[in-house]
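Keep in mind the model is a prediction, meaning the values are calculated, not measured. A, B, ... follow the sequence lines: proteins, then strands. Residue 1 opens every chain.
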Number of protein chains: 2
Amino acid sequence: MRTQKAGKANDETTRQRVVRSAIERFADKGFHGTGIRDLAEAAGLTTSTLYHYMANKDDLLVEIMESAIAPLKRAAEQILETHPDPAVALASIVEHHVWAHASDRLACIVTDTEVRALSGERLDRVMALRDAYEGVWKRAVAAGISAGIFHADAPGVAARALLQMATGVSHWFSPSGSLKLDELCRFYSDGALGFLKARKPDGSALERADLELPAPNHYLG
Amino acid sequence: MRTQKAGKANDETTRQRVVRSAIERFADKGFHGTGIRDLAEAAGLTTSTLYHYMANKDDLLVEIMESAIAPLKRAAEQILETHPDPAVALASIVEHHVWAHASDRLACIVTDTEVRALSGERLDRVMALRDAYEGVWKRAVAAGISAGIFHADAPGVAARALLQMATGVSHWFSPSGSLKLDELCRFYSDGALGFLKARKPDGSALERADLELPAPNHYLG
DNA sequence: GTCTATATACAGATAGAC
DNA sequence: GTCTATCTGTATATAGAC
């Protein structure tokens with residue numbers, strides 16, 4: 001049996017297999033709906049051996065969530081710093097989010113739905129990360145309103161509405177659906193500009209097609 | 001002790017207390033995160049007595065979900081039948097949904113997040129109801145596109161995006177927030193029209209302020 | 001690093017007295 | 001309609017041999 005010896009680059013370590021199969025079960029049946037025996041079976045281990053690869057079930061969940069949110073936050077911050085045009089920045093943040101939530105669906109479902117399974121210091125850490133990411137969205141919307149490009153009475157509410165809309169992609173996206181992934185990203189960023197009533201200086205609607213954006217998967221953490 | 005004898009109209013029966021406190025616990029800790037003993041304690045009963053008021057935990061969850069979705073579906077269908085203008089119909093459906101999800105937050109959270117706790121015939125029933133409700137949203141969006149009022153490449157995706165956006169309200173709304181409930185409803189319906197690029201015959205943007213809508217709580221099941 | 005065996009607590013649900 | 005007492009299964013986690 002291989003353990004951690006060098007292998008081909010796409011070989012999965014036991015540790016990675018534990019995390020990946022846990023994501024699948026948590027996404028399907030929920031954190032509390034998945035037992036230690038389920039996790040062990042899914043990873044092809046006994047429960048005792050499973051505990052060699054994780055401290056406990058709670059910490060495994062926290063790691064899954066932090067691994068999902070932290071790269072999103074880093075990318076969004078980088079986008080906001082890089083692009084002075086608020087419309088470009090917001091559209092790019094939306095597209096990156098949609099791209100990530102369609103590409104890594106199950107981890108995003110777990111992250112989005114199992115926060116309430118945590119408590120104490122674990123909950124605090126995940127919430128802080130989540131709030132920080134939401135804060136980037138709010139700053140992006142607020143910047144567009146300050147610049148007179150977006151028009152919305154409640155920037156915080158608008159940011160949350162768009163974030164929740166884009167997060168929902170993880171619950172239904174399929175590569176075999178009517179929209180390809182890059183089309184889906186454009187659809188959501190264009191819709192977000194519409195939601196925010198983005199306008200050009202002449203007052204006409206500013207659309208996604210008017211913008212030059214980096215590829216949605218350009219900002220990989 | 002009162003049981004089912006007549007009392008003042010706002011007296012809560014034991015049965016209603018069981019359902020209400022179950023909604024609170026399920027919304028807070030999740031279905032699998034809430035034990036029978038938690039439910040009994042929350043309702044001020046022993047576990048045995050709790051079983052006098054419900055068949056089992058699964059059926060209690062199904063009842064909570066059906067009680068939340070069925071009125072939404074009925075209202076949306078009635079709105080769609082009543083209003084020939086697709087912009088009015090869609091905006092009204094959005095406002096009713098937001099109003100319900102802000103007014104009855106906890107039941108909507110449970111309904112939105114615990115579908116995966118069900119299986120078999122229970123899952124089938126709830127999914128059928130949910131799909132039927134989503135279908136009304138899709139028909140509303142499609143009607144607007146056919147009429148040349150909305151402009152979106154993927155009506156099904158747009159409907160789901162708007163539905164998920166509006167559903168998110170249940171996760172954060174507070175009556176003490178920056179927007180009052182009726183303002184929130186208008187904010188979301190206006191945003192939805194923007195997302196769908198609603199246009200007047202002259203090509204200018206069609207906004208919520210251009211429409212005459214019934215009150216968001218007009219369609220009560 | 002993997003196993004068998006097990007500790008301890010709690011899950012959902014019921015029996016049967018009053 | 002409410003209770004005490006309890007059944008049976010499963011939960012998370014660990015001990016200690018190999």
Side-chain angles (χ1 to χ4, degrees), chain A residues 1-7 11-23 25-26 28-64 110 114 116-123, chain B residues 1-7 11-26 28-65 110 114 116-123:
Chain A
M1 293 277 169
R2 300 183 57 258
T3 55
Q4 273 140 293
K5 297 193 207 90
D11 264 2
E12 193 182 45
T13 65
T14 304
R15 165 76 191 177
Q16 289 168 335
R17 195 172 74 246
V18 165
V19 173
R20 182 182 50 76
S21 56
I23 289 171
R25 299 299 168 116
F26 290 164
D28 183 31
K29 289 294 173 190
F31 179 76
H32 289 305
T34 306
I36 293 293
R37 287 164 183 76
D38 299 318
L39 291 178
E41 188 187 26
L45 304 170
T46 62
T47 62
S48 307
T49 307
L50 175 64
Y51 275 92
H52 181 77
Y53 292 99
M54 68 179 200
N56 54 60
K57 207 182 151 193
D58 284 353
D59 281 347
L60 181 62
L61 178 60
V62 170
E63 194 204 306
I64 290 168
V110 174
E114 294 298 350
R116 66 183 168 194
L118 296 173
S119 62
E121 192 256 348
R122 291 186 183 89
L123 177 62
Chain B
M1 294 280 170
R2 301 183 58 257
T3 55
Q4 273 139 297
K5 297 192 207 89
D11 264 0
E12 192 182 46
T13 64
T14 303
R15 165 77 191 176
Q16 289 167 334
R17 198 172 71 246
V18 166
V19 173
R20 183 182 49 75
S21 56
I23 289 170
E24 291 168 4
R25 299 299 169 116
F26 289 165
D28 183 30
K29 289 294 171 190
F31 179 75
H32 288 305
T34 305
I36 292 293
R37 287 160 184 79
D38 299 318
L39 291 179
E41 188 187 27
L45 304 170
T46 62
T47 62
S48 307
T49 308
L50 175 63
Y51 275 93
H52 181 79
Y53 292 98
M54 68 177 198
N56 54 60
K57 208 182 150 194
D58 285 352
D59 281 346
L60 181 62
L61 178 60
V62 169
E63 194 204 306
I64 290 168
M65 290 179 166
V110 174
E114 294 297 351
R116 66 182 168 193
L118 297 173
S119 62
E121 192 257 347
R122 290 185 184 91
L123 177 62

* To do: Using a 4.0 Å cut-off on protein heavy atoms (strictly under), produce a 5'-to-3' string for nucleotides 6-18 of chain D with B for base contact, S for backbone-only sugar-phosphate contact, and - for none.
  => -----BBBBB---
* Are the side chains of A:Leu39 and A:Val18 in touch, meaning some heavy atoms are under 4.5 Å apart? -> no
* Would a 4.5 Å heavy-atom cut-off, applied to side chains only, mark B:Val110 and B:Phe31 as touching? -> no
* Look at B:Glu114 together with B:Arg25 and state whether they make a salt bridge at an N to O cut-off of under 4.0 Å. => no
* Structure fact -> Note: contacts of residues 18-26 of chain B with DNA chain C (heavy atom, under 4.0 Å) are none
* For the pair made of OH in A:Tyr53 and C1' in C:dT2, what is the distance, rounded to whole Å? -> 8 Å
* Asked: Please give, in whole Å, the distance from C:dC10 P to B:Leu39 CG?
  -> 16 Å
* To do: Compare all side-chain heavy atoms of B:Arg17 with those of B:Tyr53 and state whether any distance is below 4.5 angstrom.
  => no
* When you check the phosphate oxygens OP1 and OP2 of D:dG1, does a side-chain N or O of B:Thr49 lie under 4.0 Å from one of them? -> no
* Under 4.0 Å: is that the gap between some side-chain N or O of A:His52 and OP1 or OP2 of C:dT2? -> no
* **A:Thr49 and A:Thr14, any side-chain heavy atoms less than 4.5 Å apart** => no
* Taking the side chain as every heavy atom from C-beta outward, state whether B:Asp59 and B:Asn56 have any pair of such atoms under 4.5 Å apart. => yes
* Can you name the side chain to side chain contact (heavy atoms under 4.5 Å, CB included) partners of B:Glu41, sequence neighbours left out? -> none
* A:Thr46 vs C:dC3: side-chain N/O to OP1/OP2 distance below 4.0 Å -> yes
* Side chain to side chain, A:Ile36 and A:Met54, heavy atoms closer than 4.5 Å -> yes
* Asked: To the nearest angstrom, how far is A:Leu50 atom CG from C:dT2 atom P?
  -> 11 Å
